[in-house]
Amino acid sequence: MRKSWKWVPLTLTLLLLAALWLRGGSERRAERFVRQHGAEIAESWRRDGAIPERGQRYVNEWPGEHPMLELILSAGPGGYSGCYYSPDGVPLAFQNTDLPLEETAPGRWAWQAQGDNHGETWRIEGNWFGFQASF
């Protein structure tokens, strides 16, 4: 029986398009979330430390030189995506870890940790940023 390889390029193309669509979906989701709920969440956190539940899966407060309020919108076996509020307007690595950020484009930064742990962050608006972290 002869195997046909004609479907391999089409399959690889479809997988690549699906990966790009999912990545763009995470960015759009974070940006939409911030535009809908960002001002309310930031104001509530600044005022009394309370975080209203607005569709986020997890909320983490990470202290440090530049504190961070992180809202995870999507979690899976390969990593996390979401948004965070940086009161100082400083871009930060996932979970406010002390990793250097490399600017990859205006308003976009990447970080690399041990092994294949990596991610990126981008400014959405004001002091709000989106992020993706892969493990």
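If you're wondering where the values come from, they're calculated on a predicted model, not measured in any experiment.
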Say you draw a straight line from [atom1] of [X] to [atom2] of [Y]; how long is it, rounded to the nearest 0.5 Å?
{"X": "R54", "Y": "L71", "atom1": "CZ", "atom2": "CG", "value": "11.5 Å"}
{"X": "L69", "Y": "Q56", "atom1": "CG", "atom2": "CD", "value": "8.5 Å"}
{"X": "F33", "Y": "S74", "atom1": "CZ", "atom2": "OG", "value": "13.0 Å"}
{"X": "Q114", "Y": "L99", "atom1": "CD", "atom2": "CG", "value": "9.0 Å"}
{"X": "Q112", "Y": "N117", "atom1": "CD", "atom2": "CG", "value": "7.5 Å"}

* So does E31 pair up with R28, basic N to acidic O under 4.0 Å? -> no
* To do: May I ask you to say whether R108 pairs ionically with E120, meaning some side-chain N is under 4.0 Å from a carboxylate O?
  => yes
* Asked: Is there a path from W122 to W111 through hydrophobic residues (I, L, V, M, F, W, Y) whose side chains come within less than 4.5 Å of each other?
  -> no
* **Linked, directly or transitively: V34 and Y58 (ILVMFWY side chains, under 4.5 Å)** => no
* Flag if over 12 foreign heavy atoms under 6.0 Å of CD, E103 -> yes
* More than 12 foreign heavy atoms under 6.0 Å from CZ of F135: is that the case here? -> yes
* Please list, chain by chain and in numerical order, all residues satisfying side-chain hydrogen bond (donor to acceptor under 3.5 Å, both in side chains) with E70, sequence neighbours excluded. => N60, W62
* Test side chain to side chain contact (heavy atoms under 4.5 Å, CB included) on R29 and R32 and set out the steps. => CA-CA 5 Å; R29 183 176 186 187; R32 185 174 52 247; 4.1 Å; yes
Test your reading of the model: is there a side-chain donor-acceptor pair from [X] to the backbone of [Y], 3.5 Å cut-off?
{"X": "Y84", "Y": "L92", "result": "yes"}
{"X": "N127", "Y": "Y85", "result": "no"}
{"X": "D48", "Y": "A50", "result": "yes"}
{"X": "R123", "Y": "G89", "result": "yes"}
{"X": "S44", "Y": "I41", "result": "no"}
{"X": "D88", "Y": "P67", "result": "no"}

* To do: Evaluate the ring planes of F131 and F94, with Trp represented by its six-membered ring, and classify them as parallel (under 30°), tilted (30 to 60°) or perpendicular (over 60°).
  => tilted
